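Note on naming: letters A, B, ... go to the chains in the order of the sequence lines (proteins, then strands), and numbering restarts at 1 for each one. For clarity, every value in this text was computed on a predicted model and none was experimentally measured.
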Amino acid sequence: MQACPYNPVQMPELPEVETTRRGLVPRVVGRTIQDVVVRDARLRWPVPRDLARHLRGAEVVAIRRRGKYLLFDLPKGHLLVHLGMSGRLTMVPDDRPAKLHDHVDVRLDSHESLRLNDPRRFGAVLWIGGAAEKHALLRGLGVEPFDPAFTGEYLHALARGRRVAVKQFIMNARVVTGVGNIYASEALFRAGIHPARPVGRISLERWNGLAQAIRDTLSLALDAGGSTLRDYVSATGEPGQFQNVTSVYDREGQPCRRCARPIKALRQGQRSTFYCTGCQR
DNA sequence: ACTGGCTCCTGAGGGC
DNA sequence: TGCCCTCAGGAGCCAG
């Protein structure tokens with residue numbers, strides 16, 4: 001089974017989105033938006049025509065993350081950005097020529113622009129007037145993996161009576177936000193749970209282990225992302241040198257790092273899953 | 001209420 | 001070398 005041709009470390013999963021957020025804060029928060037340049041409005045949803053009207057003259061008060069959504073808080077609303085699967089947000093000098101797929105620039109009063117590059121255009125740039133939490137894209141989102149409310153009890157209760165496979169369950173943003181395809185396989189390996197196991201047949205104890213495994217998996221990636229922080233927000237946006245090591249993802253046929261049995265692959269909901277038959281039950 | 005399948009898009013990689 | 005085909009991913013949306 002062929003995995004995504006992109007190096008996993010370059011794909012914006014939650015740790016990469018959070019790393020991007022942290023990198024942007026010191027250079028964007030407190031700045032005033034001077035203008036917006038939209039070169040190609042055809043993202044996941046069209047970039048609103050009146051985006052510049054909403055943003056011009058507004059100060060960025062804060063940058064938050066909800067799941068994989070970035071929220072730029074402005075006095076009268078929010079700029080929502082999603083990186084999809086190939087989006088990059090970088091800070092560039094205002095006079096830097098746009099390259100292929102540089103779809104949107106948000107020009108600040110610091111002679112720098114926040115630039116979105118997104119070859120596959122699965123990303124989104126939207127305006128939210130009013131309370132962000134009430135927006136359709138954010139309203140139904142589940143708990144954040146680092147929220148104290150994300151516990152084995154929470155998962156156990158939500159899974160009660162349901163038959164969906166655990167891997168699809170933890171990738172469901174209505175259950176828990178920010179767990180993408182790569183980290184779903186990795187967390188299940190860490191927790192020793194077979195990805196196809198129906199969620200209604202998982203004990204509370206094992207849910208506790210999985211909640212912790214998800215946090216650990218994301219934390220490790222976040223720490224790694226920290227080492228490439230500069231790269232994520234640099235003028236070039238070049239990926240870092242960090243070598244991402246996965247336990248199971250994209251390792252079909254290779255020996256399990258724990259028990260040496262060959263890693264297996266299967267498809268769940270049009271997505272590739274990787275797991276170890278020896279370590280996961 | 002759940003669940004599974006479809007969809008958007010581009011670029012990488014394999015086969016010939 | 002180069003062309004063509006397939007496939008990967010996030011997640012909203014819809015049908016059953």
Counting side-chain heavy atoms from CB outward, which of [options] is closest to [X]?
X	options	value
A:Lys68	B:dG11, B:dC9, C:dA11	C:dA11
A:Val164	B:dG11, C:dG10, B:dT3	B:dT3
A:Asn181	C:dG10, B:dC9, C:dA8	C:dG10
A:Arg163	B:dT3, B:dG5, B:dG11	B:dT3
A:Tyr249	C:dA8, C:dA11, B:dT3	C:dA8

Provide, to the nearest angstrom, the distance between the [atom1] atom belonging to [X] and the [atom2] atom belonging to [N].
X	N	atom1	atom2	value
A:Met171	B:dG4	CE	P	14 Å
A:Arg271	C:dC7	CZ	P	14 Å
A:Asn117	B:dG11	CG	P	10 Å
A:Gln268	B:dG4	CD	P	10 Å
A:Asp118	C:dG10	CG	C1'	11 Å
A:Leu138	C:dA11	CG	P	12 Å
A:Ile170	C:dG10	CD1	C1'	15 Å
A:Phe122	C:dA8	CZ	C1'	9 Å

Hey, does the side chain of [X] come within less than 4.0 Å of [N]'s phosphate (OP1/OP2), counting only N and O?
X	N	result
A:Arg162	B:dA1	no
A:His82	C:dG10	no
A:Ser272	C:dG9	yes
A:Gln270	C:dG9	no
A:Arg120	C:dA8	no

Aromatic ring proximity A:Phe72/A:Trp127, centre distance under 6.0 Å
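Not close enough - the centres of the two rings lie 6.0 Å or further apart.
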Main-chain N/O of [Y] paired to [X] side chain as donor or acceptor, under 3.5 Å:
X	Y	value
A:Ser86	A:Arg120	yes
A:Thr177	A:Gly142	no
A:Asp40	A:Asp102	no
A:Glu186	A:Ile182	no

Please list all pairs meeting salt bridge (Lys or Arg N to Asp or Glu O under 4.0 Å) that have one or both residues in residues 142-159 of chain A, counting only residues at least two apart or in different chains.
A:Arg65-A:Glu144, A:Arg66-A:Glu144
Need one value for A:Gly269: base, sugar-phosphate or nothing, where a base atom within 4.0 Å counts as base even if backbone is also close, heavy atoms only.
nothing
Please enumerate all protein N or O atoms sitting under 3.5 Å from an N or O of nucleotides 12-16 of chain C, with distances to 0.1 Å.
residue : atom : partner : partner atom : Å
C:dG12  : OP1  : A:Tyr69 : OH           : 2.4
C:dG12  : O4'  : A:Arg44 : NH2          : 2.8

Closest approach of A:Ala211 to A:Gly152 (non-hydrogen atoms, all atoms of both residues):
CB-N, 4.0 Å
Say whether [X] and [Y], considering side chains only, have a donor N or O and an acceptor N or O under 3.5 Å apart.
X	Y	answer
A:His78	A:Asp73	yes
A:Thr273	A:Gln268	yes
A:Asp216	A:Gln212	yes

Five pairs at each end of the helix from B:dC2-C:dG16 to B:dC16-C:dG2: take the axis at both ends and give me the angle between them to 10°.
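About 50° separates the two local helix axes.
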